[in-house]
Amino acid sequence: MVVRFGSSGAEVALASRRRRAGDLAWGLPKGLVEPGEQPEDAATREVREETGLEAEILASLGDISYWYFWDGERIRKRVSFYLMEAVGGDVSQHDHEMEDVQWFPLEDAIARASYRSEREVLHRAAEGLGRAP
């Protein structure tokens, strides 16, 4: 979860990708840990690739696990989330996996996130930042 702090408060970068049904799903950047890579390094790499942003980790936000189907196969995925602060880059430089990346005020990001588990991560972060809606 990448945040930036401005005069209007915390903003969160959300990335969107098109689901198989055709609608947009907004969420937090995430991806696979490559062999020999530490989870923290994977997190900053995935943020850079999927959002175009350079970010520094501030704190762990914990893990979530979920199931999804891919080509008829049920797959379990565990994702470790980190609170990160944007230190450079630009959302216009996101990769081809994402259809769009935008900054949202924290409260709007919680409402916009497509998946319940990610909304819970955003809530935890808001509480830690002292900005719980």
Side-chain angles (χ1 to χ4, degrees):
M1 176 186 152
V2 182
V3 297
R4 68 180 181 186
F5 301 97
S7 59
S8 60
E11 292 184 315
V12 177
L14 292 183
S16 67
R17 69 177 78 208
R18 204 147 297 272
R19 295 190 246 208
R20 287 185 178 211
D23 60 327
L24 280 181
W26 286 92
L28 300 170
K30 55 190 165 292
L32 298 174
V33 178
E34 295 178 354
E37 189 175 40
Q38 295 299 310
E40 296 85 355
D41 295 330
T44 55
R45 176 182 51 76
E46 288 290 344
V47 161
R48 184 174 53 256
E49 291 173 3
E50 293 188 353
T51 69
L53 298 170
E54 296 289 334
E56 293 180 354
I57 294 175
L58 302 176
S60 172
L61 293 172
D63 299 341
I64 63 170
S65 293
Y66 60 91
W67 294 90
Y68 67 97
F69 286 91
W70 189 259
D71 291 333
E73 183 179 347
R74 189 173 184 219
I75 299 171
R76 183 170 192 254
K77 186 170 185 176
R78 186 177 131 237
V79 181
S80 299
F81 285 98
Y82 298 91
L83 176 63
M84 302 182 193
E85 184 172 9
V87 295
D90 190 291
V91 295
S92 68
Q93 300 301 309
H94 66 84
D95 70 9
H96 68 280
E97 289 182 44
M98 299 298 130
E99 186 152 322
D100 193 13
V101 178
Q102 294 182 27
W103 289 103
F104 294 92
L106 181 55
E107 295 77 17
D108 294 350
I110 293 169
R112 177 66 62 105
S114 298
Y115 302 106
R116 180 186 50 80
S117 58
E118 293 188 15
R119 288 192 298 273
E120 291 170 0
V121 169
L122 287 160
H123 271 290
R124 280 198 304 269
E127 289 169 359
L129 292 169
R131 295 172 167 88

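- With sequence neighbours excluded, the residues forming a salt bridge (Lys or Arg N to Asp or Glu O under 4.0 Å) with R19 are D23, listed by chain and number.
- Remark: S8 engages no residue in a side chain to side chain contact (heavy atoms under 4.5 Å, CB included) (not counting sequence neighbours).
- Under the side chain to side chain donor-acceptor pair (under 3.5 Å) criterion, S80 pairs with D63, not counting sequence neighbours.
- No side-chain heavy atom of L28 sits less than 4.5 Å from a side-chain heavy atom of V79.
- Not counting sequence neighbours, the partners of R20 by the salt bridge (Lys or Arg N to Asp or Glu O under 4.0 Å) test are D71.
- Hydrophobic clustering (side-chain heavy atoms under 4.5 Å, transitive across Ile, Leu, Val, Met, Phe, Trp, Tyr) keeps V101 apart from V12.
- In this structure D90 satisfies the salt bridge (Lys or Arg N to Asp or Glu O under 4.0 Å) test with no other residue, sequence neighbours excluded.
- Residue pairs meeting the side chain to side chain donor-acceptor pair (under 3.5 Å) criterion with at least one partner in residues 32-42, sequence neighbours excluded, are E37-R45.
- Following chains of ILVMFWY side-chain contacts shorter than 4.5 Å, one cannot reach V2 starting from L83, and the two form parts of different hydrophobic clusters.
- Taking every heavy atom of both residues into account, S114 and A25 meet most closely at OG-CA, 3.3 Å.
- Note on M84 and M98: same hydrophobic cluster, where clusters join Ile, Leu, Val, Met, Phe, Trp and Tyr whose side-chain heavy atoms are under 4.5 Å apart, directly or indirectly.
- For D100, the side chain to side chain donor-acceptor pair (under 3.5 Å) test picks out Q102, with sequence neighbours left out.
- Put simply, I64 and I110 are part of the same group of oily side chains (I, L, V, M, F, W, Y) that touch within less than 4.5 Å, one to the next.
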Identify every side-chain donor-acceptor pair in residues 51-58 under 3.5 Å, counting partners at least two apart or on other chains, and give the distances.
| residue | atom | partner | partner atom | Å |
| --- | --- | --- | --- | --- |
| T51 | OG1 | V47 | O | 2.5 |
| T51 | OG1 | L53 | N | 3.1 |

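- Listed here is the closest heavy atom pair of A125 and M1: CB-SD, 3.3 Å.
- If you chain together hydrophobic residues whose side chains sit under 4.5 Å apart, W103 and Y82 fall into the same group.
- To the nearest 0.5 Å, atom CG of residue L122 and atom OH of residue Y115 are 14.0 Å apart.
- For Y68, the side chain to side chain contact (heavy atoms under 4.5 Å, CB included) test picks out Y66, W70, I75, K77, with sequence neighbours left out.
- Sorted by first and then second residue, the ring-ring contact (aromatic ring centres under 6.0 Å, His included) pairs involving residues 28-51 (not counting sequence neighbours) form an empty list.
- The line from NE2 of H96 to CZ of R17 is 10.0 Å long, rounded to the nearest 0.5 Å.
- For W26, the ring pair (Phe, Tyr, Trp, His ring centres under 6.0 Å) partners are F104, not counting sequence neighbours.
- Under the side chain to side chain donor-acceptor pair (under 3.5 Å) criterion, E50 pairs with no residue, sequence neighbours left out.
- Listed here is the closest heavy atom pair of P29 and A13: CD-O, 4.4 Å.
- Ion pair E120/R124 not flagged as a salt bridge, since none of the NZ, NE, NH1 or NH2 atoms sits closer than 4.0 Å to an Asp/Glu carboxylate oxygen.
- In this structure, E99 CD and L24 CG are separated by 5.0 Å, a value rounded to the nearest 0.5 Å.
- From E85, atom CD reaches atom CZ of R4 across 11.5 Å, with rounding to the nearest 0.5 Å.
- Between the OG atom of S16 and the NE2 atom of H94 there is a distance of 7.5 Å, given to the nearest 0.5 Å.
- Taken to the nearest 0.5 Å, the CG atom of L106 stands 9.0 Å off from the CZ atom of F5.
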